[in-house]
Amino acid sequence: MRLSRYFLPVLKETPSEAQIVSHRYMLRAGMIKQAAAGIYSWLPLGFRVLKNIERIVHEEQQRAGHIPMLMPTLQSADLWRESGRYDDYGEEMLRITDRHGRDMLYGPTNEELITDIFRSHVGSYKDLPLTLYHIQWKFRDEIRPRFGVMRGREFYMKDGYNFDVDQASAIHAYNRHMVSYLRTYERMGLQAIPMRADSGPIGGEDTHEFLVLADTGESEVFYDSAITDLKMGDRAVDYDNWDDCAAIVREWTAPYARTDETHDAAVFAEVPQERQRRSRGIEVGQIFYFGTKYSEAMGARVVNDKGERVPVHMGSHGIGVSRLVGAIIEASHDDKGIIWPEGVTPFHCGIVNLRQGDEAADAACEALYASLKALGLEPLYDDRDERAGGKFATMDLIGLPWRITVGPRGLKNGVVELTSRRSGVSEEMTPEMAVERIAEVYAHHHRAAHAQPMPQRAFHTWI
RNA sequence: CGGGGCGUAGCGCAGCCUGGUAGCGCGGCGGUUUUGGGAACCGUAGGUCGUAGGUUCGAAUCCUAUCGCCCCGACCA
């Protein structure tokens, strides 16, 4: 993309309403524009990040054998009356009446809809296990929306639902989700720690929240520092293997890690003193096993191998996609702006032409731009007629992890400058070498590297 | 919903107390000189002062109502 033809309304000054760093930078970098309290338009740059996060979520869900679909934002109140939540959910649910006087609602979540779909079409244990998910806008009428997209009223969320014939296989689904979530967050350059949580209005017996450590987090968290040393890395995971998944879950749940809701000072005291950590965290996901809570209320039953009709065991799982945009910024920024992890960056690298209009500089930039595009990478070429300082400031603010700086001075010696946004380190090298280096950096983040679904599959519905 | 605050040009703000017909910085547009970390100068456009009523010869300013937004709290992906 050429910046001169893009829409990137950056702000030099911080809008007064923004209190926390992610909100400030999202506004200043031209990522969002507030439409109403807790409701935002996603401008082109923000939209690219949102879509990158969404893409990673999709890839990791499908890798784990989960099936994408899409349910509507508006729902009929009838199903919610059936589950009993029409009254339980309270003021946070946005209720709407259509022209015929029918009670509708803007969905805060989708357990009712998915259960209705399930009971209409699935009747036998032979159709299980089944995990369906979608990524869709939700609305929760927060009393006080704040912190930009971190606590909006309208938000983009992946929610998935697993259906299993009995508790044991439902627990495996739970474990499988924890593993896939760990991978998902790691690919975004985040460390999200699973912490034992309260179930809240969703209900359930077993649940973990995933928290990103950040000073501005809304939850107080207590953990054993051993957990932050854990990495999924490149390890091969067989999502069909109950023991493998359970082992990884044990690895991540053995060290103490809880939010203030479930914190137990006595248990925490058993963690060696030097490993006790107390911090703040941003919740970016949660997984639940809730047994037969909805299936019993709504009559979602299957016939098991003994010919008995039994309520299906369910779980649900959510990832706050729009919130993650803010959470990543909270976890990765400095005083100049955002520092995007390679996995989610809106553009793979920036090209800064220090002397727009200079024949050699223009030509070198065009060549770099073409080479990067040819490799399937998307550079952002700052070809505006701006001074160097302004271009650098913009690049630093919008946080592209890599920058190639091109100027007449370097070109005289046949070199350009490659700069890491994170470390600030600059190296001079030929343009060809810079392209090669960028390509290497992104080799692991390419879509192709993640598009392979699990090789062995137990899910009958998987393509 | 309780407490606090704010709505004046695209953004950040002053003016309000003590009414007299709107200003500053940044940004925009045109031009000249510049050009390796947010340049300088000249020119120029842009506002029914959130909205509605009231008081007054006269309201951004005083009064009333209303809408919106932000912050703290309870609540929450």
Side-chain angles (χ1 to χ4, degrees), chain A residues 9-20 23-24 27-28 30 33-39 57 89-93 107-110 135-160 181 192 197-202 207-212 217-219 259 261 281-288 316-327 336-337 352-358 361 382 384-397 403 405-412 415-417 419 424 426 428:
Chain A
V10 298
L11 304 174
K12 219 166 179 176
E13 288 167 285
T14 302
S16 55
E17 75 269 17
Q19 297 299 309
I20 65 169
H23 192 193
R24 286 204 299 267
L27 290 167
R28 285 197 52 209
K33 162 108 172 65
Q34 180 166 346
I39 302 176
V57 172
Y89 220 96
E91 292 291 299
E92 219 172 84
M93 185 156 74
T109 178
N110 292 71
I135 301 179
Q136 177 62 293
W137 291 95
K138 307 283 188 289
F139 196 94
R140 295 186 192 172
D141 201 1
E142 296 282 341
I143 300 167
R144 183 154 90 85
R146 67 191 114 167
F147 304 146
V149 299
M150 302 270 284
R151 177 154 301 286
R153 290 193 293 171
E154 188 184 45
F155 57 98
Y156 203 42
M157 178 176 162
K158 171 258 165 179
D159 49 319
Y181 275 29
D198 263 351
S199 57
I202 307 279
T207 174
H208 280 85
E209 289 179 340
F210 291 77
L211 285 106
V212 173
E218 293 185 81
S219 320
T259 67
E261 290 172 347
I282 302 165
E283 190 193 336
V284 292
Q286 187 160 10
I287 54 177
F288 300 89
S316 77
H317 338 88
I319 292 181
V321 175
S322 50
R323 169 180 283 191
L324 271 165
V325 180
K336 289 194 267 207
V352 169
N353 187 344
L354 292 174
R355 188 76 69 91
Q356 205 68 43
D358 177 274
D382 191 344
R384 296 172 305 164
D385 191 14
E386 286 283 323
R387 295 162 62 89
K391 291 191 177 187
F392 287 143
T394 298
M395 282 294 171
D396 288 344
L397 175 63
R403 185 184 82 208
T405 309
V406 181
R409 191 189 295 170
L411 288 175
K412 275 190 193 131
V415 297
V416 296
E417 209 173 83
T419 307
S426 288
E428 293 196 333

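Since this is a predicted model, take the numbers as computed values, not measurements. We name chains A, B, ... by the order of the sequence lines, and we start the count at 1 in each one.
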Anything under 30° is parallel, anything over 60° is perpendicular, the rest tilted; go ahead and classify H317(A) against Y181(A).
perpendicular
Picking from G36(B), G73(B), C70(B), the nucleotide nearest the side-chain atoms of R409(A) would be G36(B)
Considering only A74(B), G37(B), C75(B), which nucleotide approaches the side chain of E92(A) most closely?
C75(B)
Please check: side-chain N/O of K158(A) versus main-chain N/O of V321(A), any donor-acceptor pairing under 3.5 Å?
no
Quick one: is [X] getting a side-chain N or O under 4.0 Å of the [N] phosphate, OP1 or OP2?
{"X": "R387(A)", "N": "A39(B)", "answer": "yes"}
{"X": "K12(A)", "N": "G27(B)", "answer": "yes"}
{"X": "S16(A)", "N": "C13(B)", "answer": "yes"}

So what does [X] hit on the nucleic acid, given a heavy-atom distance under 4.0 Å: a base, only sugar-phosphate, or nothing?
{"X": "A18(A)", "value": "nothing"}
{"X": "D159(A)", "value": "nothing"}
{"X": "G390(A)", "value": "base"}
{"X": "G410(A)", "value": "base"}
{"X": "S322(A)", "value": "nothing"}
{"X": "Q34(A)", "value": "sugar-phosphate"}
{"X": "E17(A)", "value": "sugar-phosphate"}
{"X": "G318(A)", "value": "nothing"}
{"X": "G152(A)", "value": "base"}

Rounded to the Å, how far apart are [X] [atom1] and [N] [atom2]?
{"X": "R146(A)", "N": "A74(B)", "atom1": "CZ", "atom2": "P", "result": "9 Å"}
{"X": "E13(A)", "N": "A14(B)", "atom1": "CD", "atom2": "P", "result": "13 Å"}
{"X": "I143(A)", "N": "C72(B)", "atom1": "CD1", "atom2": "P", "result": "14 Å"}

Can a donor-acceptor pair under 3.5 Å be found between the side-chain atoms of R28(A) and the base atoms of G12(B)?
no
Can you check whether any acceptor in the base of G36(B) is under 3.5 Å from a donor in the side chain of E417(A), or vice versa?
yes
Paired with G37(B) by Watson-Crick or G-U wobble geometry, both distances under 3.5 Å: which nucleotide is it?
none
Nearest heavy atom decides the nucleotide; on that basis, is I319(A) or Q19(A) closer to the 5' end of RNA chain B?
Q19(A)
Pick the nucleotide of RNA chain B nearest each of Q356(A) and G38(A); which residue has the one closer to the 5' end?
Q356(A)
